[in-house]
Amino acid sequence: MDVILLQLLNGLDKGGAYALIALGLTIIFGTLGVVNFAHGALFMLGAFCAVSVQALLTISKKVKDESIKFFDAYKEIPYLEAWWGDTGAMIIDYAVPISILVAIPLMLLIGLGMERGLIRYFYKRPHAEQILVTFGLAIVVQELIKAQFGANPIPTPAPEVIAGSANVGLWVGLGESVVYPWWRLIYLAFAGVVIASAFAFLNLTTYGMVVRAGMADRETVGLLGINIQRRFTIVFGMAAVIAGLAGVMYTPILPPDYHMGMDFLVLSFVVVVVGGMGSLGGAVLAGFVLGILQSFASMNEVKSILPGIDQIIIYLIAVVILLVRPRGLLGRKGVMES
Amino acid sequence: MTKSNDSGVSRRSILKAGTALGAGAVIAPTFFVRNAWAEEFRNNPGNASSVKFGFNVPQTGAYADEGADELRAYELAVKHINGEGDGGMLNTMQPLMLKGDGVLGKKVEYVTGDTQTKSDAARASAKRMIEKDGVIMYSGGSSSGVAIAQQSLAQEMGVVFMNGLTHSNDTTGKDKRRYGFRHFFNAYMSGAALGPVLKETMGTDRRAYHLTADYTWGWTQEESIKNTTEGLGWETVNAVRTPLGAGDFSQYITPVLNSGADVLILNHYGKDMINSLTQAVQFGLRDKQVNGKDFQIVVPLYSRLMAQGAGANIKGIYGTTNWNWSLQDAGSQAFVKSFGQEYGFPPSQAAHTCYVQTILYADACARAGTFYPPEVIKALEGFEFDGMGNGKTLYRAEDHQCFKDVLVVRGNENATSQFDLLEVVQEVPASQVTYDPSIFGGELGPYKV
């Protein structure tokens with residue numbers, strides 16, 4: 001029972017990340033009709049917002065390191081710590097939460113810049129060309145990040161106060177042995193809040209209603225005198241913010257490196273396809289379902305019966321679902337169909 | 001009446017002289033000319049004023065930082081061989097034939113390649129170096145799968161390959177090659193070195209759970225460490241293979257929590273090790289008490305670059321390394337000084353092994369008096385040297401594996417500098433990690449190809 005609960009939490013956690021990336025992907029596809037292979041790069045850029053904020057907060061003065069005799073080496077003491085002591089150290093400790101505030105406007109700007117500067121020229125081009133250009137963009141972005149930050153993962157820990165684990169077992173009456181990292185629980189809650197906010201925005205606001213109308217029939221909305229293109233641009237920015245926030249929050253779980261976007265991109269596309277192209281609900285549902293199945297497939301009991309199942313489960317499920325429901329779990333007729 | 005021979009030249013003496021000349025003509029190529037085999041081998045530099053080495057390292061991909069450090073070391077080694085800079089370990093190596101004027105009077109040049117940490121890319125890059133750039137030797141490291149692929153190519157092409165960082169037993173075991181040499185230690189040695197320290201610090205009644213990278217290095221390390229720990233009396237609860245580059249290891253770590261294990265052994269390297277260790281700590285494993293004992297994590301193969309990535313999570317965790325910059329012997333200090341002055345930070349163990357391998361190859365050519373690979377190989381086989389940072393070292397002829405002291409290290413709890421991440425707990429003597437070469441099988445293959 002303990003193991004099942006833990007794997008369920010793992011699955012929800014992983015599913016949260018998949019759902020957040022897939023949500024942005026499917027919003028962009030649903031509104032602009034663009035297959036955005038650079039979406040993983042936006043997730044990675046979000047994570048590097050946290051790295052950059054941490055680097056900014058730890059700008060240091062160099063003090064000669066007397067312990068090293070062989071060559072001139074220097075110790076780095078962050079200015080914040082030198083000026084404000086423990087308060088400075090605490091600010092550095094909260095680098096990841098602080099970077100959320102930085103990531104929102106920054107990712108919005110990056111999203112808008114990307115859409116205006118490149119993506120809009122490819123609206124009417126075939127999907128294959130969209131894939132090529134966005135994939136190329138993703139490679140450029142990740143190589144730039146590598147040139148600046150190196151190839152090694154960079155540790156960006158959660159604040160000390162929540163660095164440990166929560167006694168989840170006690171909450172559900174399973175005893176003290178079932179623990180789960182606080183930050184992963186926070187990530188799960190965060191994913192829930194972001195997904196709920198995106199749905200609320202698109203379903204409960206007039207702005208969202210117009211966007212949805214544009215998704216259904218772009219021409220008619222345009223004929224009503226609404227500049228739907230501008231709204232779509234803003235929606236692209238919003239999708240970039242969602243991906244970026246998913247990346248920022250993921251940094252304490254997985255120390256970021258330049259390749260993390262690509263690692264998530266392929267899985268997120270599978271999630272979008274399984275959920276149904278252009279379906280927001282489908283992306284979220286598929287994200288969580290596939291995350292949970294992937295976690296359960298990694299259990300030793302399962303692997304002893306089906307060796308290697310943990311590495312193929314997502315693709316296997318995708319095949320089965322697409323055979324049974326060719327448009328995905330919640331896919332609509334006519335999307336990406338001639 | 002006899003006819004005198006006024007010229008003093010008899011038919012007999014002409015015959016004698018003719019026979020001697022004939023014999024001389026047959027013997028001369030191998031008797032008077034030392035480089036008699038000069039024309040017979042690939043990329044023979046002949047009368048050229050320079051000779052070219054190839055450095056094939058991961059310049060992109062997950063091990064790019066390690067590859068960059070290896071490249072720095074290679075460049076430094078070439079400088080020192082050519083007589084530039086302060087000479088580094090050329091001042092401490094014993095015995096030494098190099099004179100700081102290149103190799104056999106030829107300046108060393110080099111070309112670089114990118115392995116991308118992929119076997120096929122590494123082979124393609126190495127082949128290009130051999131066929132297009134005409135390298136006489138190539139070297140590089142950071143993955144055993146890649147190293148083994150390059151070593152096989154070396155044997156096929158007849159060009160010596162000096163392995164950089166590769167830790168799998170297979171490199172000098174079942175996949176060893178006459179044209180491949182490894183200075184770096186291996187998984188067996190890690191196990192043999194760690195055993196006594198684990199016994200002393202964790203006792204003999206432990207239950208271990210392995211998470212293992214699913215490729216040649218991971219498999220051999222798991223096997224070696226299991227042999228060691230089971231020899232101590234530990235029980236192996238489970239050994240789970242994880243895909244290379246899994247990223248999120250949470251689904252592999254959670255089963256450890258309730259498995260009854262009280263030690264987690266991470267047979268991971270590079271990015272995988274950083275991620276799995278970080279996540280294991282997040283899941284509270286280090287704060288756990290199991291079977292009445294403190295839960296422990298062991299990382300059998302450590303590197304300083306990895307320790308940087310894992311941050312504070314590395315503190316107090318045991319493992320082994322081939323070399324560490326904090327060593328106080330003259331060779332290590334000379335190398336750290338050269339490297340530090342050149343680049344502003346100390347070298348990694350990957351940089352150290354690559355530097356040493358380049359010097360050893362150049363010195364072997366000088367001792368052999370030729371670049372002809374079979375003679376260079378013979379000069380390296382069974383070669384004993386000192387002053388290169390690991391004490392007295394033997395390049396064993398039977399498997400081309402170096403035998404030297406191995407370092408057991410622990411993540412430093414009280415680092416005095418940003419580089420002071422690993423604390424050397426014990427320098428395990430070479431005799432304690434030496435093994436019979438036949439246990440891993442394999443055939444070196446012929447000298448002439």
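All chains are named by letter (A, B, ...) in the order of the sequence lines, taking the proteins before the strands, and each is independently numbered beginning at 1. Everything numeric in this text was worked out from a predicted model, so none of it was measured.
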Do you know which of [options] has the most heavy-atom pairs with chain B at a distance under 4.5 angstrom?
options                           : answer
S165(A), G11(A), A158(A), P157(A) : S165(A)
A17(A), P255(A), S295(A)          : P255(A)
I253(A), I154(A), V179(A)         : I253(A)

In plain terms, say whether [X] and [Y] are close enough for a salt bridge, that is, a side-chain N and a carboxylate O under 4.0 Å apart.
X       : Y       : result
R72(B)  : E75(B)  : no
K271(B) : D257(A) : yes
E413(B) : K315(B) : no

Contact class of [X] relative to chain A, heavy atoms under 4.5 angstrom:
X       : result
F345(B) : backbone
F283(B) : both
D248(B) : both
Q282(B) : both
N313(B) : neither
T278(B) : side chain

W323(B) and Y355(B): aromatic ring centres closer than 6.0 Å?
-> no
Give the member of S338(B), G270(B), P346(B) that has the highest number of heavy-atom pairs under 4.5 Å with chain A.
-> P346(B)
Are the side chain of [X] and the backbone N or O of [Y] linked by a donor-acceptor pair below 3.5 Å?
X       : Y       : value
Q54(A)  : V96(A)  : no
D262(B) : R207(B) : yes
Q328(B) : Q333(B) : no

Region of D13(A) in contact with chain B, defined by heavy-atom distances below 4.5 Å = neither
Side chain, backbone, both or neither of F296(A) within contact of chain B (heavy atoms, under 4.5 Å) = neither
Verdict with supporting geometry, H268(B) and T242(B), side chain to side chain donor-acceptor pair (under 3.5 Å) = CA-CA 9 Å; H268(B) 289 151; T242(B) 60; 2.8 Å; yes
